[in-house]
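Throughout, protein chains are lettered first and strands after them, A, B, ... in sequence-line order, and every chain is numbered starting at 1.
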2 protein chains.
Amino acid sequence: MTPVAGRGAGAAPRSVDVARLAGVSQKTVSRVMNDEPYVSEDVRRRVLAAAEELGYRSNNAARALASGRTRSIGVVTLGTALYGPASLLMGIERAVRDTGYALRVVNTMEGESAGIAGAVDSLLDQGVDGIVISEPIDEAGGAVLSARLDVPVLVLGAPPPFAAPHVVTAGIVSHQMARAATEHLLELGHTTVHHLAGPQRWYSARDRLEGWSAALAAHGRAEPAVVQGDWSAASGYAGGRELVADPEVTAVFAANDDMAIGLMRALAEAGRRVPEDVSVVGFDDTPVAAYVTPPLTTVRQPFDAMAQDGLKLLVHAIENPQSEPLPMADPPVELIVRASTAAPR
Amino acid sequence: MTPVAGRGAGAAPRSVDVARLAGVSQKTVSRVMNDEPYVSEDVRRRVLAAAEELGYRSNNAARALASGRTRSIGVVTLGTALYGPASLLMGIERAVRDTGYALRVVNTMEGESAGIAGAVDSLLDQGVDGIVISEPIDEAGGAVLSARLDVPVLVLGAPPPFAAPHVVTAGIVSHQMARAATEHLLELGHTTVHHLAGPQRWYSARDRLEGWSAALAAHGRAEPAVVQGDWSAASGYAGGRELVADPEVTAVFAANDDMAIGLMRALAEAGRRVPEDVSVVGFDDTPVAAYVTPPLTTVRQPFDAMAQDGLKLLVHAIENPQSEPLPMADPPVELIVRASTAAPR
DNA sequence: CGCAGTCATGACAGCGCAGTCATACACCGG
DNA sequence: CCGGTGTATGACTGCGCTGTCATGACTGCG
C-alpha cells in the first residue's frame with residue numbers, strides 16, 4: 001500500500017531519507033543542499049536525484065534551529081494602500097527575494113497602540129535576520145525601538161540615523177526631489193510656491209517640506225504658510241479651499257499626487273484654472289497622474305532602486321557583522337513635467 | 001562584568017535559563033509560555049517575572065521544529081501597487097495578525113517564469129501552515145498548483161473552486177458588484193452599457209465582465225463589444241479613444257477607477273462631456289475617485305471584511321483538518337453614486 | 001481510613017537539520 | 001618510500017523547544 005516504510009506514509013521526507021536512498025550520510029545531503037564544497041559530482045547528482053524522487057524539501061525550522069539564522073527579513077509598514085508605501089513594499093519584496101531571503105510583513109496602523117516598536121518586537125519574536133522599517137513615522141514618545149534589538153535594521157525614508165540601539169542603516173530622502181519640484185515652479189517665473197504638506201509625523205512629509213523650504217531659501221523667496229494635509233485627496237481638497245481664498249497663490253507644490261488632485265478639484269470649483277491661474281505639482285507619479293485634468297506635473301521616486309540599494313546594505317550588515325556600513329548613493333531625481341504647470345500670467 | 005554565566009553574555013536566554021531563575025523545570029516554562037493548563041498561579045507569575053527579567057523570547061524555530069507547526073501563513077500576491085490588490089494585501093495582513101499567525105509574502109510578477117505555482121512552492125519551502133492566493137490570474141498552462149501542496153489554501157477572488165489538489169476554499173466574487181454598477185446605468189435610462197474590461201487573465205476582471213454581461217442580459221439589452229484594458233489609466237485612455245468614435249456610446253462601466261479616469265480624459269479631449277454626453281462608472285473607489293473631474297461613480301469593495309472572512313475559513317481549515325469547509329457569506333455591495341453618472345439626454 | 005481521581009510538576013526523548021571533528025584516500029615533492 | 005597537503009565523506013552532537021509519560025501532592029467520598 002504505502003511505499004514509504006516506517007513513519008506514516010504521509011510524513012514529509014527528511015534528509016536522512018534522501019541519504020538512505022542515495023547511499024550517503026545525512027551530512028552529505030546537507031552539504032549538497034547547501035552547496036558546500038567537497039562533494040564529488042557523482043555524489044551530488046545521486047543526492048539531487050534522490051531528493052527529487054522523494055520530493056524532499058529541507059525543513060526550515062530545523063535549519064534555523066541548527067544554524068541560528070532564519071534566512072528571513074521582516075518589514076514594518078504602515079498598513080495603507082497609498083501608492084508610495086505600497087510601491088515601496090512591492091519593491092522591498094522583490095529586493096528581498098532577490099537576496100534569497102524570505103519576507104515577513106507586519107503592519108502598524110497609525111493610532112495602533114503598540115506602534116512601530118510593537119511591530120519590530122513581533123518580528124523579533126518571529127525570528128528574523130534583519131528588519132526593514134518602511135516609511136517611518138514619529139510615534140508618541142519618539143522613535144524608540146525595542147531595547148532587545150539584536151539584528152540590523154534598515155530604515156527607508158528617515159533622513160538622519162534613526163534612533164536605535166543596534167546596527168542601523170539610514171535610507172533614502174525625498175528632500176532633493178521636493179526641492180527639484182519647487183525649483184521647477186520658481187524657474188517658470190512664480191514669485192513663490194505654496195506647499196500642501198503631508199502629515200508631519202511622517203519623515204517623508206517632513207523631508208518634502210524641507211526640500212521645498214530649501215528651494216525657496218536658495219532663491220531668496222519668502223516662505224508662505226504651509227497648508228497641512230494627510231496625504232488624502234480629501235485633505236488636498238480641504239487645503240485647496242483655503243488656498244483659493246488667497247488670490248496671490250499662483251503655484252502649489254503638493255506632497256503627493258492624491259492631495260494635488262484634491263487641490264485641483266478645489267481650484268476648479270472656485271473657477272481658478274490650472275495651469276493658467278495656478279500651477280500645481282504633485283509627488284509620486286501615481287498611475288493616474290498623467291490622466292487627470294489637467295495632467296499632473298509630478299516627481300517620480302525610484303522605489304525599486306531604493307529598495308534594492310537599501311537591501312544591499314541590510315544584507316551586508318547581516319552577513320558581515322560589525323563591518324563598516326556601506327555608503328549609499330542618492331537615488332536619481334526624476335521630475336515629470338505635464339500640463340499642470342506653466343509660467344504665471 | 002557580564003551578569004550571565006556560561007555561554008557568552010550576548011547569547012539570547014533560553015527557556016532553561018528562565019526555568020533556572022524561576023526555580024522550575026524547563027517544561028514548566030514551556031507550559032506558561034503556551035498558556036497550557038495545570039500551572040499554579042504562583043508558578044506562572046514567577047516564570048513570567050523571570051522571563052521578563054531575562055528578556056526571554058521563545059525561539060520560533062525550535063518551537064516549529066518540535067511542534068511541527070510554524071504559526072505562519074503565506075500570501076501570494078501580484079507584485080503591483082494597484083489600489084485593489086494593495087488594499088486587499090493590507091486587509092490580509094491585518095486579518096492574519098488578528099488570528100495570531102505571522103505573515104509571509106511572496107509576489108509573483110506577471111510574466112515571471114515560475115508564476116503562482118513557483119510562489120506557492122517557495123512558501124512551502126519556507127514552511128507555512130496555510131496559504132492565501134490573492135487576486136489570482138490564469139497562468140500559462142492553467143492554474144496548476146504544486147503537487148506537494150500539503151496545507152490549506154485560500155483563494156481570494158476566484159469564482160469557482162480553484163484547481164488545487166489539497167484543501168481549497170474559494171473566496172469572494174465581484175460579480176454582483178459589477179452587476180449593480182451596470183444596473184445603475186440601465187436604471188438611469190441608458191439603452192445599453194459599454195464595458196472597459198480589465199485583463200481577462202485576472203479572475204476579478206472576468207468576474208466584472210460577467211456581472212456586466214448578466215445585468216445586460218437580465219434587462220434584455222444588447223451586449224456591445226468589450227473594450228480591453230490592462231487596469232492602467234493609460235489603457236483606459238486608449239480604450240476611451242476607441243469609444244469616442246462611436247456616438248452611440250452613452251454609458252461605460254470601467255472595471256477599475258484608474259481606467260475610468262483614463263477614459264474620462266479621452267472623453268474630455270474629444271469634447272464629450274461627463275455625465276451629460278457619457279456616463280462613467282468605475283470600480284474600487286480609490287481615494288482620488290471622489291476628487292477627479294467629475295467625481296466618479298464607483299463601487300467599493302469591503303477588502304477588510306473579505307480578508308477577514310477568508311482568513312476565518314483558512315484558519316478553520318488549518319486547525320480542524322478534514323472538517324467541512326465553513327460556508328462563506330457574500331460581502332455587501334456598495335455603489336457610490338457621484339457626478340459622473342446621469343440620465344442620458 | 002483508603003483508594004480513586006484530579007491537579008501540578010518534572011524527566012526524558014526527539015523534532016531535522018548544520019557544525020565539529022575524525023577519518024580515508026589521492027596526490028605531491030624530496 | 002614517506003610525510004605533508006588537499007579532497008571527500010561520515011559519526012556524532014546539539015540547537016531550544018514540545019510531547020509523552022511518570023511522579024507526587026492533594027482532594028473527595030464511601
- Message: Measuring from the side chain of Ser15(B) (C-beta onward, heavy atoms only), which nucleotide among dC15(C), dA18(C), dC17(D) has the closest atom?
- Response: dC17(D)
- Give a yes or no on whether Arg71(B) atom CZ has more than 12 heavy-atom contacts from other residues, nucleotides or ligands under 6.0 Å away. no
- Query: In the strands shown, is dC29(D) matched to any nucleotide by a Watson-Crick or G-U wobble pair with both distances under 3.5 Å, and which?
  - Reply: dG2(C)
- Query: Does the dG19(C) base have a donor-acceptor partner in the side chain of Arg31(A) within less than 3.5 Å?
  - Reply: no
- Which of Leu154(B), Val75(B), Ile73(B), Thr77(B) passes side-chain contact (heavy atoms from CB on, under 4.5 Å) with Ile92(B)? Answer is Val75(B)
- Message: Does a side-chain N or O of Asn34(B) approach OP1 or OP2 of dT18(D) to a distance below 4.0 Å, or not?
- Response: yes
- With sugar-phosphate meaning primed atoms plus P, OP1 and OP2, does Val16(A) contact a base, only sugar-phosphate, or nothing at under 4.0 Å between heavy atoms? nothing
- Expected list for residues 35-53 of chain B near DNA chain D, using heavy atoms below 4.0 Å, is none
- Item | Atom-to-atom span, CZ of Arg57(A) to P of dG16(C) - whole angstrom | 15 Å
- Does OP1 or OP2 of dG10(D) have a side-chain N or O of Thr28(A) closer than 4.0 Å? yes
- Item | Heavy-atom side-chain contact between Arg94(A) and Gln308(A) under 4.5 Å | no
- Item | Touch class at under 4.0 angstrom, heavy-atom based, for Asn60(B) against every strand present | nothing
- Item | Between C1' of dG19(C) and CE of Met33(A), the distance in whole Å | 18 Å
- Query: Rounded to whole angstrom units, what separation is found between the CG atom of Leu54(B) and the C1' atom of dG16(D)?
  - Reply: 15 Å
- Identified side-chain contact (heavy atoms from CB on, under 4.5 Å) counterpart of Thr99(B) within the set Val315(B), Ile318(B), Leu314(B): Val315(B)
- Task: Kindly determine whether Arg57(B) and Gln126(A) satisfy side chain to side chain contact (heavy atoms under 4.5 Å, CB included), including the steps that lead there.
- Result: CA-CA 9 Å; Arg57(B) 224 183 258 291; Gln126(A) 292 174 38; over 6 Å; no
- Message: In whole Å, I'd like the distance from the CZ atom of Arg20(B) to the P atom of dG10(C).
- Response: 14 Å
- Message: What is the separation between atom CZ on Arg14(B) and atom C1' on dG14(D), rounded to the nearest whole Å?
- Response: 11 Å
- Starting from P on dA13(C), measure out to CD on Gln26(B) and report it in whole angstrom. 14 Å
- Task: Looking only at side-chain atoms of Leu65(B), point me to the closest of dC15(C), dC17(C), dT20(D).
- Result: dC15(C)
- Heavy atoms under 4.0 Å, any strand shown: does Ser30(B) hit a base, just sugar-phosphate, or nothing? base
- Item | Nearest listed nucleotide, side chain of Lys27(A), among dT9(C), dA11(D), dG16(C) | dA11(D)
- Round to the nearest Å and state the distance from Arg63(A) atom CZ to dC15(C) atom P. 19 Å
- Rounded distance (Å) that lies between atom P of dG16(D) and atom CZ of Arg69(A): 16 Å
- Message: Between Ala66(A) and Ser67(B), which residue's closest nucleotide on DNA chain C lies nearer the 5′ terminus?
- Response: Ser67(B)
- Between Asn60(A) and Asp125(B), is there a donor-acceptor pair closer than 3.5 Å when you use the side chain of the first and the backbone of the second? yes
- Query: Do any N or O atoms from the side chain of Gln26(B) and from the backbone of Ala19(B) form a donor-acceptor pair under 3.5 angstrom?
  - Reply: no
- Backbone N/O of Glu36(B) and side chain of Asn34(B): donor-acceptor pair under 3.5 Å: no
